[in-house]
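Here's the structure we're looking at; comments come further down.
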Amino acid sequence: MVDVTLWAGLVPLADSQKHLSVQASTIRELLRKLQDRYPGLEGPFKNEVAVAVNGTIYRNDWSQEIPDGAEVFLMRRLAGG
Amino acid sequence: MSFDATYKEKKLKSVGTRPLRPDGVDKVTGRARYGADFNMPGQLVARVLRSPHAHARIMRIDVSRAVALKGVKAVITAADLPDLTNGNAALYAILDNCMARTKAFYDGHAVAAVAAIDAKVAREALKLIEVEYDVLPHVVDVDAAMAPDAPLLDENLFTQGIDPAPTTPSNVGNRSEFGHGDVESGFAKADVIVERSYKTEQTHQGYIEPHACVASCNVDGTAEMWVCTQGHFVYRQTCADLLGLEVSKLRVTSSEIGGGFGGKTHVWAEPLALALSRKAGRPVKLVMSREEVFRASGPTSQTSIDVKIGATKDGKITAALATLRYSSGPYADSWAETGAMTSFACYDLENVKTVGFEVIVNRPKVAAYRAPSAPMAAFAVESAIDELAHKIGMDSVELRIKNAASEGSRSSYGPIYGPIGIGPTLEAARTHPHMSAPLGKNQGRGMACGFWFNFGGQTCTDLNISADGTVTLAVGTVDVGGSRASLSLIAAEELGISYDDVKAVIADTSTLGYNDMTDGSRGTFSSSMATISAARNAIVTMRERAALMWDIPVEDVAWEEGHAKAVGASYDNRAPLSVKDIAAEAGNTGGPIAGHSELVADGAGVSFGTHICDVEVDPETGATRVIRYTVIQDAGKAVHPAYVEGQYQGGAAQGIGWALNEEYVYGADGRLQNPGFLDYRIPVCSDLPMIDTQILEIPNPNHPYGVRGVGETSIVPPLAAVANAVSDAVGVRMVHVPVSPPRILAALNAKAKG
Amino acid sequence: MTSIAVSTTINGDDVEFLCRADETLLDVLRNRLGLMGAKEGCGTGDCGACSTIMDGRVVCSCLVLGAETEGREIETIEGMANGSDLHPLQSKFIEHAALQCGVCTPGFLMAAKALLAAHPDPTEKEIRFWLAGNLCRCTGYDKIVRAVQDAAAEMRGEGT
Amino acid sequence: MRYERPGTIEDAVAMLAQASGRSFVLAGGTDLLVRMKSDDFDADLVVDIKAIPGMDEIAETADGFAIGAAVSCAELAENSALVSAWPGVVEAANLIGSTQIQSRCTMTGNLCNASPAADSVPALVAADARVRVIGPNGTRTISAQNIPVGPGKTSLEKGDIIDAILLARPQPRSGDAYLRFIPRTEMDIAVVGVAVNLTLGADGSVQTARVALGAVAPSVILSEEAARTLIGTKLEAAALGALEAACSAASIPIDDKRGTVAFRKQVAGVLARRAARIAYERAGGK
C-alpha cells in the first residue's frame, strides 16, 4: 500500500480526505486508481499535478515505480522562470 | 522509460571544461538574429492600442476611421479573437490579457491592434481608433485589494480553499496552506520569538530585448511565426489554441533570445500578430516598445508577508509561521501558493505552517521570473532568521546550520527530502574567507539561503552524424545562456569525440518533436539527458555498422572512447573504428546514422544556495553600494563551469537590483509612472562589484553525469542577503524591499527619534 | 513627405541613403541598410544596445537622426572585425563567457572599443563607469569587465 | 516633420521665426529624440544648428569662456582651461547620462529642456552664467537662471536661439562644486542636486557665496538665505549646520517616482554641506 497526501486544493475533490491509501506500483496506476475512486480529480490530474515519491518530484514520468511503503505527495505543478 | 538516468560516477573528459561557445562569433559580430532581426516579403508593421486606465469597462470601440486610413491593412479588437478556450480558465486569462474583452484591467491592457504598411501609418491609425471607457475605481496595492471595501475586479470571484466557502466576492482567488506539526505548541516552547511584517514591490525581468515576432498566416490554414521566446513549442500550442489553428500547421521558429528569465514563457502580443496576419493576408511584424514591455508584459507579484519564528535559547527553531499575500495581476493564479511552499524549505522544522492568499489587482498579469515567488518569501523568512540570530546572540550561519534541512527532513511543503545540498552550502559559507573579512565604517554584512524546486520535463533531441564524422545536435529547448555549448560538451563526452566536432542548433517546431520550454532551470538538465540518450542510441547503430564493416557479430563490438572495438582474441589485429571511419561507410552499411531521443527528464532535484553580501551605506543619504558579494550553490555537475558561474552571477545581480532599487511605481490614477530603464532602475555596471562564485558539485542521483539545474536559485537569496547587510550597516531592520535610499533614511530618522 | 538624401561613411565605406526626417540612425541602419547588429532595447538612450561610434565617439544610434549623419564617419559592430580576424575585444568576450543572451553584446563592444581608444589602460572603476550606459541583465557584468581588462592588456601588447 | 541644417545663425533664426507649426532646435538631441518617440509628440520643423560655424567651439576670451551651444559635455571635460576655471560646472555637465549621452548632450540643451532636475543648471546658476540669445530682433545677453521658468518651459521666444553660454573668468580664491543624489551610481536623473560657488577673502573666510538647488522646485532655486549662512565663515561646523538647515528649508519639492518630499529636503542639506566643503577647498580654503 502507498500512503498518499493530497495538496489542499485537491481535498474537496476527494471527499474531504487529505490522506489516502492506494495499492499501486507506479505513479500511473496510483493516479488512475485515485481518479476511479474520485472522478473529480480527473481535471487536476490532466496537467496540474506533480507527484513526489520519497521526496523526488515527478511532473511527467508516470511510469516511475513507487517502492512499497513509499511516501507520496500530490503537489500542484508550478511555473518556472 | 528505457533510458537509465541514474548517476554513475566516471571520469569525464569534455564535461567540466570551458570551450568557446558555438554561437559566440555570431553574437560578437552582430550576425545573431533576434526577434526583431527577421523580415518577410510584404510584411506589415503592427501596433497595439492600450488602455490608459487602470480599470475601465469598454463601452464601445469604433475602428472605422482607422480602417479607412490609407495604408492600413487590418484592425482587430477582441471581436476578432472569439473565445475558444472551452472553460479553461488559465487559457481564458491569457486570451483576455492579450486583448481586453469587456474590461481593461490595467494601464497598458491591449484593446485594439492595427497592421499597416509602415510604422508611421500604424501610429496614425492608433490615434483614429475611438474607445469609449466607463472608468471604474481601481486598486493596485496587494494589501489594499484585500480590504473589505476594495473595488472588485471580478464580481464572480469567491475565494477558494476556505471552509465554509465565502458568500461574498472579493479580490482573493484562493487560500492555500502547507505545513505540519502544531505551531501553537511550538511557539509555547520558544524562548525567543521574532514576528514581523514585510513587503516587496513588483519587479520586472528586465530582459534587454523587447518581445518581437513576425507572423504569417496563409489562406490554406498554414502559418509561420518567428519569435523570441523561451519555448516555441509552448507558444505554438497556446497560439493554435487561441486562434483555432491546427497545431502542426503552425510552424514556430525561435529566434536568438535577448533574455527572458521567465518573462518569455507566456504569450503576450504574438496571438495578435497572427490574428492581424490572418485578417490582412500578409505577414505582420510586431515589436513591443520598452514602455509596452513594462506596462503590458508580465512582472512579478507585489507581496505582503507576515513571519513569526520561535526558537529556544540554544537556537533550535520550535515553530515557524508565515502568511503570504501575492498579487497576480487581474487574473487569479497560484503565485502565493508557490511562495508558501518555498518559504521555509531550507529548514528542518517540527512545527511549521504557511498560508498563501492569491490577490487580484489592477496591474499587469504576473509572469514567472527566475524561481518565481521564492525570492519574496525568502526575503521575509531569511530576514526573520537573521533577526532571530541577533536576538539570541548566535552567529547567523551557525543558527542556519543548526536548523538546516537534510536527508530525511520533512520539507515544509510536504514530502521528506532525499539527499540535498543546503548543508554543504552553509558549511562552505562558514569557512569562506568572505565571512571573516573585516568590515569598515558604515559597512554591514548579510547572508541568506534560498531554495528552488527545479524542473525537468518533456524533451526531444536529434543527433545526426555526418559523413565526415562530425555531429549536428538538434535540440528543442531555447538556449538562454549558453546551453548549446554545454549540450555540445555532453554529446562530445558521450560519443568520445572532440567538442569542436559537434554543432548544436535549436530546431523549429516542425523539425523536432515537442519540447517543454526553457524554464524551471531545465534547459541543460533535461536536454543533456536527452542528448545522452540520443548519443547512446547512435552508438548502438554505430556498433551495428562496425559489425557489418568487420563482418562480425554485433555482440563482439564494444564502444570505448569514441571508437568501435572488436572484442575477443580472434579480432586482435583489427584497428578500432572511429566515428569518422564508421560515418564514411554509412551509405553502404544502412544509410545515415542518427540517434534520437524522446523522454521526460524527471527527478531534477531541489536546489539550494547561500549568498554573502557586504554593503556600505551612506547614513546621511541612504545611498547603498554593494562592495562584496559571494554566491555558493550546488550545480550537481558543472557542465560548462563558465556558464554556471554566469547563471550564479546573473541571478545575484538581478536579486541585488530587486533588493535595492527596482520597483513598479504607480500614481494615484493607477498608471505606471516608470515604464522605462531610466526610472525602473536595474543595476548598471558601476553599481556592482565582481561577484565571486563557489560551485559545489554534489551529484544529482537522477542524472547520468549528476547534473542539476542551476539557472534560478541564484535570485532567491539576494533580497534577504542585501537587506540583512543593510540592516547590519545601519542598525535598523529593513522590512520593505527595495531598501531604497528614501526608505533607509526614513528608517534611520525613525530610529533617531526613538 | 520628402525624403532626405544623406551621404556618409559607414565602416570605411561611402554610403548613400534616403530617409525621412524623423528616422533615427538606428532605424536607418536596421531598416534601410540591413545592418541589424545594433539593437533597439529601449529607443530612449537608456540601455546602450544600439551603441555605434560616430566621429570617434560612442553614441546611442537611437538618439541620432539619420539626417544628422551627413558627412560623418560611422562605425558599427559589423565593421569591428578586420575581415575574418576578430577584434581582441570580440575574441575576449567569447573567451571569458562575457555574454549569455548576447543582445547587449554589440553595444558593449562598441562602447568598450571607444573606451580603449581613449584609455588604453583603464582601471576597473573606469571600465565600470564608462560602460554604465550599457545594460546587461544576464551576466552581472563580472565577466564583461574581465574581458575588457584582458583585451586591453592584449592590445597593449601585454598578452596573457 | 522637416529637417533643416542651416549654415548661419541668421538662417536658423529666420527658419524658426517663420515656422508655422511646432519647431525645435536640435543640438545633441538627447532630450528631443526621446520626446520624439512618444506617440503624443509631433514636430513640424527641426533646425539642426551643428553646421553653424562656432557652435561647436569653446572660445576663451579676456572676459571668460563662451561655450558654443553645440559643444558636447564630453568636450567640456577635454578643455583643461575650462575644467580648471569652473570644475563644478564641468563636473555637473559630465554627470548627465552615460558615456554615449555625453558624446552628444550639450549644456545649452540641458538648460533649454528646462527639467527641474537638470544637472548642469544649478552649477550654471551658481556660477552666475549668462547666455547669448540671438533672435529675430537681434542679440541679447541674459542670466542662465532666467531661461527655465518651469518644467519644460523657457522664457525664450519664437525664433530665439541660444548660441553660447558665457562664463566669466573666475575671481581669485574662488571655487565651485556640484553634487547630486541618485540611487544608482550612473544613469539616473538627479533626485536632488546642489551647486555651491564661493569666493574667499585673503583671510580664507567666505566673501561671496552662491548656492543653487536643483530638483527641489519647479526650477532651480538660488537661495540667498543659504548663501548668507556661509558669508564671513570658514565653513565651521556651525556654518555648515546653518547651511544644511537653510537648504532643507528652501527646498519645496514634490513626492514622485524618484523621491519623497522628506528625502529631498533632508538630502538637499546634506549635499549642500558636502558641496560647500569641496568648493571651499577648490577656492584654496583649508
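Computed from a prediction, not measured in an experiment: that's the story for all the values here. To find a chain, count down the sequence lines: A is the first, B the second, and so on, and within it residues start at 1.
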- Note on the structure: Pair count under 4.5 Å, heavy atoms only, with chain C: among B:Asp23, B:Ile691, B:Ile208, highest is B:Ile208

- Let me know if B:Ser289 has heavy atoms under 4.5 Å from chain C in its side chain, its backbone, both or neither. neither

- Query: Where on B:Ala36 is there a heavy atom nearer than 4.5 Å to chain C: the side chain, the backbone, both, or neither?
  - Reply: both

- Count the heavy-atom pairs under 4.5 Å between each of B:Gly482, B:Gly24, B:Ala212 and chain C, then report the option with the highest count. B:Gly24

- Query: chain C heavy atoms under 4.5 Å from B:Gln205: which part of the residue, side chain, backbone, both or neither?
  - Reply: backbone

- For C:Ser61 and C:Thr52, the nearest pair of non-hydrogen atoms, with its separation, is CB-OG1, 3.6 Å

- Task: Apply the salt bridge (charged side-chain N to carboxylate O under 4.0 Å, His left out) test between B:Glu256 and each candidate in B:Arg33, B:Arg484, B:Arg31, B:Lys264; give the one that qualifies.
- Result: B:Arg484

- Query: Which class fits the ring pair B:Tyr207 and B:Phe261: parallel under 30°, tilted 30 to 60°, perpendicular over 60°?
  - Reply: parallel

- For C:Thr44, is it the side chain, the backbone, both or neither that has a heavy atom under 4.5 Å from a heavy atom of chain B? neither

- Query: Judged by atom type as modelled, is there a donor-acceptor pair below 3.5 Å linking the side chain of B:Ser483 to the main-chain atoms of B:Ser486?
  - Reply: no

- Is C:Arg30 salt-bridged to C:Glu40, cutoff N-O under 4.0 Å? no

- Message: Is C:Leu86 in contact with chain B via its backbone, its side chain, both, or neither, using a 4.5 Å heavy-atom distance?
- Response: side chain

- Task: Below 4.5 Å from any heavy atom of chain C, which atoms of B:Val293 appear? Answer side chain, backbone, both or neither.
- Result: neither

- Check the angle between the aromatic planes of C:Phe108 and C:Phe93 and answer parallel, tilted or perpendicular using the 30° and 60° thresholds. tilted

- Against chain C, work out which of B:Ala653, B:Ser686, B:Cys685 has the most heavy-atom pairs shorter than 4.5 Å and name it. B:Cys685

- Item | Ionic contact status for C:Asp22 with C:Arg20, cut-off 4.0 Å | yes

- Contacting region of C:Leu109 [heavy-atom separation from chain B under 4.5 Å]: side chain

- Could you look at B:Pro19 and say if it's the side chain, the backbone, both or neither that has a heavy atom under 4.5 Å from chain C? neither

- Query: So, C:Arg137 and B:Glu662, do they make that salt bridge, N to O below 4.0 Å?
  - Reply: yes

- B:Asn39 portion near chain C, given a 4.5 angstrom heavy-atom threshold: side chain

